[in-house]
2 protein chains.
Amino acid sequence: MNVTEDRRISRTKEAIRQALVSLIQEKGVDALSVKDITTRANINRGTFYLHYKDKFDLLDQTLNEITHDLEKITWEMNALSSDKLLNTTMLSAASVRLFKYFDANAPLMKVLLSIKGTNSLQNAIKDIMWRNIFEQDKTTHIKKENLLVPEEYLISYIISAHIGVIQEWLEKKFRETPEEMADILINLSFRGPLYAIGLKP
Amino acid sequence: MNVTEDRRISRTKEAIRQALVSLIQEKGVDALSVKDITTRANINRGTFYLHYKDKFDLLDQTLNEITHDLEKITWEMNALSSDKLLNTTMLSAASVRLFKYFDANAPLMKVLLSIKGTNSLQNAIKDIMWRNIFEQDKTTHIKKENLLVPEEYLISYIISAHIGVIQEWLEKKFRETPEEMADILINLSFRGPLYAIGLKP
DNA sequence: AAAAATAATCAACACGATGTCAATTAACTA
DNA sequence: TAGTTAATTGACATCGTGTTGATTATTTTT
């Protein structure tokens, strides 16, 4: 078996990806046809179907690639952390790295983040965050018997809050730097939104 | 000018609404055609176009009606509150009322909540919550100069968190009661997620 | 460098959904 | 009951879809 992909395939897929991104920015993901994509990508419409079943399959595969990227990043960041402690410095560094990735792929991330369902980026991020923040061999350990509310709602609350902030950021024309965003997110998470408001001392 | 709508129109729109809801549950909103809807609604396809421009227009108008309902509910709840104080009892009652509405319209709410963009239910809820929680003539007043993080991120964080919990709830087969959900949400909001985890004393 | 393998192109096809229209029928309102 | 308005019907052109078989072009292998 051969590991290297045929160059023609790489080129085609790359062209499709670029067309997808640019067209999403222009007309959104709903009003977007296979024909649009292939025309923009300068490839035959039939070629598209050699690689993807339909538009949704393309989005699915794209989602998988992005998810893989994100997992790789968090994995690498974890490897960097010498001690098994969950400290703010490490978290901040990881956040910056992720925000940079989001920034570089903003148009795609916007669309993928807005898709719900079992096989969504939201869920993928949910899994990644859960693994990296709560299920690690670190000092902070959550005891389920201590939970005041059902686990799933706690997760949804925290993850949705974070994704909401990221989405707000992605929609901006002039975005804060990844470093600033990491600060903001850590502030909100650790001091809490009520503190950030100024209600809690 | 006549205020009462022609009965035929009411019937047609009602049939379309019902067809929309049932079909959304079966095949989702993406794989859903005007033909599907009109067939299920037992009306002529042409009739659909007498009332809506296309599928998205139908979703838009539906969104507007839902938004209107929600605004009416919060308005009524506010009127009930005799004093101008923002107390937990009132908040809880309002939450219960809203959760009941979500419950009764679950299939539709699921879809509408998953739609992003300027004209989305997410944004409508954002506006409503903002008006009702932060901008009222009550004791709690937020001073923008006290904010630790930019206002928009704070809003996104809080609103997204709440919507995330609601969505998690809507996806369940056997849902907690509106009363239980109101408790959960108030617990998360006022004591904070970290407290709910058991990390904060 | 030639041969073998495989990807991309092209043209054509049937199919289904879309949006519109004019003429007709049916139902509602006043 | 008369007048108004909504719904139906059948038809139409248009567009995107997904597939196919034959052909060309490019890449990989030997």
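So you know, we letter chains A, B, ... as the sequences are listed, proteins then strands, and number each from 1.
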- salt bridge (charged side-chain N to carboxylate O under 4.0 Å, His left out) with D103(A): which of R97(A), R175(A), K172(A)?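 Passing option: R175(A).
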- Could you tell me whether the side chain of K27(B) reaches within less than 4.5 Å of the side chain of D36(B), counting heavy atoms only?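 They are in side-chain contact.
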- Query: Of the non-hydrogen atoms in E176(B) and P150(A), which two are nearest, and what is the gap between them?
  - Reply: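 Closest approach of E176(B) to P150(A): OE2-CG, 4.5 Å.
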- Quick one: closest heavy-atom pair of L63(A) and L112(A), and the distance?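 Reported closest heavy-atom pair: CA-CD1, 4.1 Å.
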Euclidean distance, atom [atom1] of residue [X] to atom [atom2] of [N] [Å, nearest integer]:
X      : N       : atom1 : atom2 : result
Y52(A) : dA8(C)  : OH    : P     : 11 Å
F48(B) : dA17(C) : CZ    : P     : 14 Å
D30(B) : dA17(C) : CG    : P     : 16 Å
E14(A) : dA8(C)  : CD    : C1'   : 17 Å
I43(B) : dA26(C) : CD1   : P     : 18 Å
L50(A) : dA5(C)  : CG    : C1'   : 15 Å
I9(A)  : dA5(C)  : CD1   : P     : 16 Å

- Message: Using OP1 and OP2 only, check whether a side-chain N or O of T12(B) sits under 4.0 Å from dA6(D).
- Response: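 Negative; the distance criterion is not met.
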- Message: Whether H51(B) contacts dA7(D) is assessed here as follows: a side-chain N or O lying under 4.0 Å from the phosphate OP1 or OP2. Is that the case?
- Response: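 It does, given that an N or O in the side chain of H51(B) lies less than 4.0 Å from OP1 or OP2 of dA7(D).
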- Query: Once each nucleotide of nucleotides 11-27 of chain D is scored for protein heavy atoms under 4.0 Å, what B/S/- sequence comes out, 5' to 3'?
  - Reply: -----SBBB-----BBS
- Task: May I ask you to decide if the ring planes of Y52(B) and F48(B) are parallel, tilted or perpendicular, using 30° and 60° as cut-offs?
- Result: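 Taking F48(B) first and then Y52(B), their aromatic rings sit tilted (interplane angle of 30° to 60°).
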- Task: Any chance you could lay out the salt bridge (charged side-chain N to carboxylate O under 4.0 Å, His left out) test for E65(B) and K13(B), step after step, and finish with the verdict?
- Result: CA-CA 12 Å; E65(B) 293 166 22; K13(B) 288 197 170 177; 5.8 Å; no
